[in-house]
Structures are given as structure tokens and as C-alpha cells.
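Data first, discussion second: the structure below is written as C-alpha cells.
Only this structure's heavy atoms are used, side chains among them; waters, hydrogens and symmetry mates stay out.
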Amino acid sequence: MHGLPSLSLPSRLETPDPVLSSPPSSFPNAKSLFIARRRAIFLGSSALVADFWFGSLGSASVSAAIAGQLQAEELEQEEDRTVRLFEMTSPSVVSIKDFELAKTPSSSTSVEEDDDDAKLEGTGSGFVWDTFGHIVTNYHVVAKLATDTSGLQRCKIFLVDGLGNSLTREGKIVGFDPAYDLAVLKVDVEGYELKPAVFGTSKDLLVGQSCFAIGNPYGYENTLTTGVVSGLGREIPSPSGRAIKGAIQTDAAINAGNSGGPLVDSHGHVIGVNTATFTRKGSGQSSGVNFAIPIDTVVRSVPYLIVYGMPYTDRF
């Protein structure tokens with residue numbers, strides 16, 4: 001029916017033929033709190049002086065000006081916290097591009113060697129799991145690579161190390177779980193030290209708390225969108241057809257290329273993996289009803305994918 005919303009998995013941007021390691025106390029830090037408290041004492045004293053010399057009318061005007069200044073300073077501090085959060089968490093986020101080679105490769109052929117012959121099929125996001133080069137993303141971001149039988153599929157990952165050096169590496173499939181829309185890639189990072197994401201928990205989330213999505217919508221790398229936790233305990237479909245339970249709903253914008261990237265809380269801790277959005281039929285645009293796989297589910301699943309290449313339930 002025309003106008004009805006549909007649920008889409010927005011990670012792959014199809015083309016025609018493109019952490020926080022500091023403790024929560026750093027937001028804000030002790031110095032900024034001291035300065036804010038000192039300003040409040042000074043401004044409060046100023047209001048008392050104004051009331052003494054100018055009477056109630058003058059005091060009201062001065063108090064309004066002081067309130068406006070305090071509100072502006074509070075907004076500035078909030079913006080500073082968001083800027084610091086992005087600066088500290090974005091090095092753990094990667095950009096993923098899927099390619100198909102135009103010819104049968106040799107066993108040693110990499111996508112870097114065949115860029116001229118490779119066709120870009122889609123883009124997505126992911127985040128660094130550990131210092132060994134494991135990258136977590138959505139299964140549907142790399143589904144073609146995971147199920148490739150032709151040997152023509154390639155995956156290129158763009159990331160930075162802990163010192164800010166930009167790296168481009170080919171990603172190899174380690175394991176995947178379509179039932180939870182999760183996959184693990186591995187990149188060679190010998191000689192470099194990556195900055196793994198810091199993981200939080202999803203069991204204690206509250207509707208209304210702030211959250212932030214970092215990813216690569218429509219190929220625009222290192223994009224930050226902000227919002228709140230809009231709902232908890234949602235069910236969304238997975239690529240295997242079964243329901244993913246306990247999903248996090250958020251109004252932080254998630255679009256094509258975002259999926260596989262982290263949803264983080266106000267401390268920069270990963271609380272979910274961005275994976276799906278409702279779009280109005282025919283528009284392809286996010287409606288503001290977006291979903292993330294809870295990090296508690298991810299933390300249970302990923303170690304099995306790394307060690308066994310498959311979910312725990314499929315080992316027997």
C-alpha cells in the first residue's frame with residue numbers, strides 16, 4: 001500500500017555499474033567543573049550587588065542577563081563534550097567498501113592491485129574489536145564476500161591506528177552469523193597498533209538517554225549523528241529471516257553506509273551495532289525510526305565467530 005513504512009538494512013550503498021578510553025569522569029573534567037562553579041558564585045554575587053544598588057527592577061534585568069549567560073555556557077560545555085566524544089571514539093570506527101573483480105584473480109591478487117578492474121558494489125561501517133585486527137560489522141554489509149564462490153569478491157577497509165595514521169587493508173572473513181546480522185573481518189595490522197572500541201552494556205539503558213551513531217552514510221566517512229534511545233526490547237528481522245530480539249530503537253540518523261558502525265552512549269562506550277531503519281516506501285530515506293543490535297548480544301556472539309567461524313548454536 002502506498003505510503004506504508006518498510007524496514008530496510010541500510011548498510012550497503014549500491015552504485016549503478018561508491019573510544020573512549022578515558023573514564024566517565026572526564027565528561028566534564030574537574031577543571032571545567034571548577035570554572036563553572038566559580039562563575040556561578042561570581043555571577044550570583046553580582047546579582048546580589050545589583051539587587052542592593054538598583055532595586056528589584058534592576059535585579060530582574062541583571063538576573064535575566066546572568067541566566068542567559070549561564071545557559072549559553074552550559075550549551076557550549078555540552079558541545080565541547082560531544083566534540084571530545086567524537087574525537088576519542090571515531091579512531092575505532094572503520095569504513096568498509098565491497099568490490100567485485102572483473103576477471104578471475106590469481107591466488108595472490110588483492111583489491112589494491114586491481115582497483116582499475118574492480119567494481120564498487122557497496123559501502124558500510126564497522127569498528128575495531130581488538131588490537132589483533134578483528135573488525136565487527138553487520139553480516140549484510142559483507143554478505144557477498146561471505147558467500148562468494150567465484151573468488152571475485154573483495155573487501156577493502158579504511159581505518160586509522162592509535163597514532164592517527166591512515167591505513168587501507170583488505171578484509172578477510174573470519175566468521176559470520178546471519179541470524180544476528182553480525183560478521184567479523186580480519187585485517188593485517190603488523191607494525192601498527194589499533195585503538196579498539198570501548199564496550200558498554202545495553203541491559204541498563206533508559207529511554208530518553210543520549211546516544212550517538214558514527215559511520216559512513218552514503219560514503220561520507222566519519223559522520224556523527226546524535227539522538228536519544230527511543231525504545232528498548234524491539235524485534236527486527238535478520239538476514240536469516242528470524243527475529244533479532246532486544247534491539248535498541250533510536251532517532252539518531254542511520255542511513256545507507258551507516259550499518260555495522262557503533263551506537264555509543266554519552267561516555268563513548270559502544271551500546272549497539274547500527275543495523276536497520278524504517279523508510280517510507282519508495283523514498284529510501286530514514287524516517288527517524290532506527291535500530292541497533294544490543295552490545296550485550298554482540299559481546300556474547302563475536303568471540304565464537306572469531307574462534308570457530310560460526311555461532312555457538314551451529315557448532316553441533
Side-chain angles (χ1 to χ4, degrees), residues 1 3-13 19-20 78 82 85-86 89 92-93 124-127 136-141 177-183 197-218 223-302:
M1 183 178 297
L4 288 178
S6 59
L7 184 65
S8 63
L9 302 177
S11 65
R12 294 180 59 84
L13 175 59
V19 165
L20 184 62
E78 182 66 27
T82 302
L85 181 145
F86 176 76
T89 55
S92 302
V93 183
S125 304
F127 57 90
V136 172
T137 186
N138 282 140
Y139 167 77
H140 72 267
V141 173
D177 183 2
Y180 283 107
D181 200 7
L182 292 172
V198 178
F199 306 119
T201 181
S202 50
K203 66 179 180 181
D204 298 327
L205 293 177
L206 299 173
V207 172
Q209 73 178 76
S210 298
C211 59
F212 308 82
I214 305 177
N216 312 288
Y218 300 107
T223 296
L224 172 72
T225 56
T226 66
V228 299
V229 174
S230 305
L232 298 167
R234 307 306 195 203
E235 289 192 10
I236 58 174
S238 72
S240 70
R242 63 176 287 183
I244 301 175
K245 298 182 179 180
I248 303 164
Q249 180 185 334
T250 177
D251 63 349
I254 296 175
N255 290 288
N258 263 117
S259 277
L263 184 71
V264 303
D265 62 16
S266 57
H267 301 305
H269 299 162
V270 180
I271 57 174
V273 178
N274 302 318
T275 188
T277 181
F278 268 112
T279 58
R280 186 164 295 279
K281 189 174 182 180
S283 71
Q285 297 179 345
S286 172
S287 64
V289 182
N290 311 305
F291 301 95
I293 303 168
I295 192 62
D296 291 354
T297 298
V298 179
V299 169
R300 286 195 303 266
S301 301
V302 167

In the structure I gave you, are the side-chain heavy atoms of F127 and V273 within less than 4.5 Å of one another anywhere? yes

Is there a donor-acceptor pair closer than 3.5 Å between any side-chain N or O of T137 and the backbone N or O of S125? yes

Any side-chain to backbone donor/acceptor pair from D251 onto V228? Under 3.5 Å, distance only. yes

Using modelled atom types only, decide if a donor and an acceptor are shared between the side chain of D265 and the backbone of C211 within a distance under 3.5 Å. no

Is there a side-chain contact between I293 and V298 (heavy atoms, below 4.5 Å)? yes

Between S202 and P294 the two heavy atoms that sit nearest each other are OG-CB, 3.3 Å

Evaluate L206 against V229 for side chain to side chain contact (heavy atoms under 4.5 Å, CB included), listing each step before the verdict. CA-CA 7 Å; L206 299 173; V229 174; over 6 Å; no

Give me the atom names and distance for the closest heavy-atom approach of L224 to T82. CD2-CG2, 3.9 Å

Please name the pair of heavy atoms, one in S259 and one in N138, separated by the smallest distance, quoted to 0.1 Å. CB-OD1, 3.2 Å

Does the pair S238 and D181 meet the rule for a side chain to side chain donor-acceptor pair (under 3.5 Å), with working shown? CA-CA 6 Å; S238 72; D181 200 7; over 6 Å; no

Report the distance from atom CD1 of I271 to atom OG1 of T201, rounding to the nearest 0.5 Å. 10.0 Å

What one should report as the nearest heavy-atom pair of I254 and N290 is CD1-CB, 3.6 Å

How many angstroms lie between atom CD1 of I244 and atom CD1 of I236, to the nearest 0.5 angstrom? 4.5 Å

Which distance, rounded to the nearest 0.5 Å, do you find between the CG of L205 and the OG1 of T250? 10.5 Å

Looking at side-chain heavy atoms only, is the closest gap between F212 and S266 below 4.5 Å? yes

Rounded distance (nearest 0.5 Å) linking atom OG1 of T89 with atom CD1 of I214: 3.0 Å

Hey, does V289 have a side-chain heavy atom less than 4.5 Å from the side chain of S230? no

Does T277 reach the side chain of N255, with side-chain heavy atoms less than 4.5 Å apart? no

Return the CG to CG distance between D204 and D296, rounded to the nearest 0.5 Å. 8.5 Å

Which atom names give the shortest non-hydrogen contact between G215 and N258, and what distance separates them? CA-ND2, 3.6 Å

Side chains of V264 and V270, heavy atoms from C-beta outward: is any pair under 4.5 Å? yes

Is there side-chain contact between L232 and V207, with at least one heavy-atom pair below 4.5 Å? yes

Closest non-hydrogen contact found for A253 with A213 is O-CB, 4.2 Å

